[in-house]
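First up is the structure itself, then whatever we jot down about it.
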Protein chains: 2
Amino acid sequence: MEKQTITIYDVAREANVSMATVSRVVNGNPNVKPATRKKVLEVIDRLDYRPNAVARGLASKKTTTIGVIIPDVSNMFFSSLARGIDDVATMYKYNIILANSDGGSTKEVQVLNNLLAKQVDGIIFMGHRITDEVRAEFSRSKTPVVLAGSIDPDQQVGSVNIDYTEAAKEAVSLLAKNGNEKIAFISGALIDAINGQNRLTGYKEALKEHNLEYNEGLIFESPYEFKDGLALVDRILNSGATAAYITDDELAIGVLDGLYDHGIKVPDDFEIITSNNSLLTDVARPRLSSITQPLYDIGAVSTRLLTKLMNKEEIEQKTIVLPSNIMEKGSTK
Amino acid sequence: MEKQTITIYDVAREANVSMATVSRVVNGNPNVKPATRKKVLEVIDRLDYRPNAVARGLASKKTTTIGVIIPDVSNMFFSSLARGIDDVATMYKYNIILANSDGGSTKEVQVLNNLLAKQVDGIIFMGHRITDEVRAEFSRSKTPVVLAGSIDPDQQVGSVNIDYTEAAKEAVSLLAKNGNEKIAFISGALIDAINGQNRLTGYKEALKEHNLEYNEGLIFESPYEFKDGLALVDRILNSGATAAYITDDELAIGVLDGLYDHGIKVPDDFEIITSNNSLLTDVARPRLSSITQPLYDIGAVSTRLLTKLMNKEEIEQKTIVLPSNIMEKGSTK
DNA sequence: TTGAAAGCGCTAACAA
DNA sequence: TTGTTAGCGCTTTCAA
């Protein structure tokens with residue numbers, strides 16, 4: 001099977017023009033006589049010529065490729081973002097190189113370098129926490145970076161998020177208004193900025209506003225999985241809590257099912273409000289009340305922001321906060 | 001901000017060797033005197049040199065990149081496969097370019113050409129159905145292709161699947177053994193090979209084996225979403241069915257919730273068995289009995305197969321069938 | 001064990 | 001409006 005690669009040179013020869021002219025036609029450069037353009041397009045079609053993006057990338061120093069670092073594509077939260085990212089990337093003629101990091105700093109740095117070696121034009125980063133090592137890599141390279149659904153306290157790079165503090169505050173306030181005095185805060189690692197700094201702050205603010213006392217015994221740290229939620233239920237009940245604000249849907253549904261298995265009625269005996277309004281909140285019975293985050297949009301807007309950065313356009317603001325809401329469904333009174 | 005790109009040439013100069021030698025060191029070519037290697041590595045480290053993968057790709061005609069065509073990353077079934085794909089790709093030093101196709105032939109062809117333009121070394125394709133146009137593109141290019149979790153009746157390219165016919169047969173047999181005489185078959189479009197040719201065949205075989213009559217009124221075609229499952233329930237109940245084999249978990253949980261909303265008890269009054277054993281089957285109450293498919297493994301094995309194809313290694317068989325099972329949980333008696 | 005030099009396929013000045 | 005000609009940064013013969 002011989003290499004039958006058609007190059008720009010073949011097209012030029014067949015069309016009796018120079019490579020430059022073919023290049024102009026391919027790139028939509030207006031400085032080509034219509035007749036010439038027509039002739040070239042015809043040859044391109046006949047020869048079934050397809051420009052080699054790698055050669056193009058080398059010559060032009062642009063790969064029209066965006067690197068996307070994601071903790072885990074098989075997690076619904078992140079895959080929803082990823083879909084928004086890819087759609088907007090496609091809209092602007094970019095492809096995405098997707099790389100799973102498992103949220104670990106070492107792998108993140110490694111993957112980042114790998115993407116930079118591939119000369120991506122920009123990077124979308126998703127992660128639970130931005131470590132110093134990762135931050136150092138960001139500032140070392142001049143490739144634009146945007147964080148999607150991820151918080152970095154020192155806002156060096158672009159980012160798109162919702163106001164996690166405010167959203168958590170509203171959620172907890174709702175539970176307080178419903179008369180709950182012992183409200184559990186159930187989240188992933190508190191060392192992650194988004195949990196420890198943003199959501200926990202919102203939780204505390206809501207308590208203060210409703211004159212409720214902050215109590216460490218009501219704070220639960222846990223991995224983000226269904227089974228972890230199930231496992232947590234005994235401790236939650238022992239704490240005396242009558243309601244919980246939970247930072248992840250999968251975790252929340254674990255708690256819900258655990259309560260069900262214990263014969264506790266939601267929302268009558270225990271109220272729950274969760275954070276991501278994913279499909280899981282709708283398949284649960286009762287359906288879970290939740291903060292609504294525009295996941296797809298967070299991905300989409302991050303990528304739009306990145307395209308501006310890559311084009312060196314003027315940016316009004318590189319930290320974008322999208323609106324969020326509370327949707328009351330079946331797990332709150 | 002000036003371009004501070006370090007090239008192989010800079011390294012060569014600093015180390016007093018030729019570019020060729022640096023290239024050898026970078027690529028682990030053994031024909032380099034240890035002392036030279038050490039000196040070069042030292043300079044690489046000092047200059048913080050990172051080889052340009054694009055230039056490498058152009059010169060060597062290999063990009064160490066795999067194109068992945070996926071209907072929708074935000075669908076749990078596909079994202080599980082994607083995770084397996086990326087992990088094995090990473091293991092073999094490849095990156096993946098992920099492109100969503102929405103399962104449509106036009107976009108699939110477009111995306112495929114785009115990936116080929118980027119000179120990917122191989123392609124993993126996921127889709128509900130392989131159309132003639134897509135098949136034509138496959139055979140036109142000599143880039144190896146592997147189907148993951150997708151069926152192509154004429155097995156032109158590599159593929160990794162479970163035996164959908166047999167799995168469906170077992171599932172339906174179980175329902176028949178439990179005494180159900182009217183068993184519904186609820187699936188996505190029957191024109192998709194995997195549903196119409198494989199699963200439906202299995203369904204029919206099971207009926208025949210249990211001396212049950214095939215009845216068109218028990219066959220339901222539907223989109224794969226939760227809400228579609230909900231909407232289907234009235235028709236299912238009208239059909240007189242007392243059990244259903246469902247080809248998608250999200251659809252299944254829709255049916256389950258719809259039955260719950262109608263006051264029908266699962267599994268006492270109606271049995272359900274679904275197909276993908278995703279997280280959804282565990283969060284449901286009762287938990288859904290399901291065919292178990294090794295989703296991650298399907299992705300992983302496809303990619304392993306693709307690496308062999310890309311290396312032109314001998315392949316024992318390019319159609320790989322992974323084992324599947326039935327896991328009885330709460331929705332069957 | 002090393003180096004020289006010719007590309008890989010394309011873009012982008014610069015000339016004409 | 002078109003063509004000529006350097007590269008882009010690397011790999012890969014071929015010689016030495």
Side-chain angles (χ1 to χ4, degrees), chain A residues 2-41 43-44 47-65 93 114 116-121 143, chain B residues 2-41 43-44 47-65 93 114 116-121 143:
Chain A
E2 67 279 30
K3 276 256 139 92
Q4 47 93 59
T5 358
I6 310 292
T7 74
I8 198 173
Y9 177 77
D10 299 315
V11 176
R13 186 169 28 74
E14 285 285 310
N16 289 311
V17 297
S18 71
M19 286 164 55
T21 299
V22 178
S23 175
R24 289 191 187 98
V25 170
V26 168
N27 293 298
N29 184 315
N31 294 336
V32 182
K33 199 164 44 164
T36 314
R37 176 186 308 282
K38 184 155 171 294
K39 184 174 58 178
V40 171
L41 285 175
V43 174
I44 286 180
L47 261 43
D48 200 22
Y49 165 69
R50 174 194 291 139
N52 179 322
V54 173
R56 252 217 268 228
L58 184 58
S60 68
K61 296 177 167 309
K62 288 194 287 165
T63 55
T64 61
T65 303
K93 312 281 182 207
N114 194 231
L116 292 174
K118 293 237 162 143
Q119 313 299 120
V120 295
D121 297 333
T143 306
Chain B
E2 67 279 31
K3 278 255 139 90
Q4 48 92 61
T5 359
I6 310 291
T7 74
I8 198 172
Y9 177 77
D10 300 316
V11 177
R13 186 168 30 73
E14 286 285 311
N16 290 313
V17 297
S18 69
M19 287 164 52
T21 299
V22 178
S23 175
R24 289 190 189 98
V25 170
V26 168
N27 293 298
N29 185 316
N31 293 336
V32 181
K33 197 164 47 165
T36 313
R37 176 186 310 281
K38 181 153 173 296
K39 186 174 55 177
V40 171
L41 285 174
V43 174
I44 285 179
L47 263 42
D48 200 21
Y49 166 68
R50 173 194 294 138
N52 179 322
V54 173
R56 251 217 267 230
L58 183 59
S60 68
K61 296 178 166 309
K62 287 193 288 162
T63 54
T64 60
T65 303
K93 312 281 183 208
N114 193 232
L116 293 174
K118 293 239 162 142
Q119 314 299 119
V120 295
D121 297 334
T143 306

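Here the structure is a predicted model, which means the values were calculated and not measured. Lettering of chains follows the sequences in order, A, B, ..., and the numbering in each one begins at 1.
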**Request:** Could you list the residues that satisfy side-chain hydrogen bond (donor to acceptor under 3.5 Å, both in side chains) with A/Glu14, not counting sequence neighbours?
**Result:** A/Arg46
**Fill in**
In whole angstroms, the gap separating C1' of D/dA6 from CG of A/Leu58 amounts to 13 Å
**Asked** Could you give the distance from NZ (A/Lys61) to CG (B/Asn52), rounded to the nearest 0.5 Å?
**Response** 7.5 Å
**Request:** Starting at the 5' end of nucleotides 10-16 of chain D, put B wherever the base has a protein heavy atom under 4.0 Å, S where only the sugar-phosphate does, and a dash everywhere else.
**Result:** BBB----
**Request:** Whole angstrom is fine here: how far is it from NZ in B/Lys118 over to P in C/dC10?
**Result:** 15 Å
**Closest heavy-atom pair and its distance - A/Pro51, B/Ala117** = O-CB, 3.7 Å
**Item:** B/Asn29 CG - C/dG3 C1' separation (whole Å)
**Value:** 14 Å
**Message:** Can you tell me how far apart OH (A/Tyr49) and CD1 (A/Ile44) are? Round to the nearest 0.5 Å.
**Reply:** 7.0 Å
**Request:** Using a cut-off of strictly less than 4.0 Å, decide whether B/Thr21 has a side-chain nitrogen or oxygen near OP1 or OP2 of C/dG3.
**Result:** yes
Which pairs would a plain distance check flag for residues 21-30 of chain A, meaning a side-chain donor or acceptor within less than 3.5 Å of a matching protein atom at least two apart in sequence or in another chain?
unit_1  : atom_1 : unit_2  : atom_2 : d
A/Thr21 : OG1    : A/Ser18 : OG     : 3.4
A/Ser23 : OG     : A/Asn27 : ND2    : 3.3
A/Asn27 : OD1    : A/Arg56 : NH1    : 2.8
A/Asn27 : ND2    : A/Ser23 : O      : 2.8
A/Asn29 : OD1    : A/Asn31 : N      : 2.8

**Request:** May I have the distance from A/Asn31 (atom CG) to C/dA16 (atom P), rounded to whole angstrom?
**Result:** 18 Å
**Item:** Residues which pass side-chain hydrogen bond (donor to acceptor under 3.5 Å, both in side chains) with A/Lys118, listed by chain and number, not counting sequence neighbours
**Value:** B/Thr64, B/Thr65, B/Asn95
**Prompt:** At under 4.0 Å between heavy atoms, what does A/Val54 touch on the DNA or RNA strands: base, sugar-phosphate, or nothing?
**Reply:** nothing
**Asked** Of all heavy-atom pairs between B/Ile8 and B/Met19, which one has the smallest distance, and what is that distance?
**Response** CD1-O, 3.7 Å
**Separation of A/Arg50 CZ from A/Thr7 OG1 (nearest 0.5 Å)** = 14.0 Å
**Item:** Axis-to-axis angle between the two ends of the helix from C/dT1-D/dA16 to C/dA16-D/dT1 (five base pairs per end, rounded to 10 degrees)
**Value:** 30°
**Rounded distance (Å) that lies between atom C1' of D/dG7 and atom NZ of A/Lys61** = 10 Å
**Message:** I'd like to check the side-chain contact (heavy atoms from CB on, under 4.5 Å) partners of B/Lys62; sequence neighbours left out, ordered by chain and number.
**Reply:** B/Ser60, B/Asp121
**Prompt:** Just how far, in rounded Å, is C1' of D/dG9 from CZ of B/Arg13?
**Reply:** 14 Å
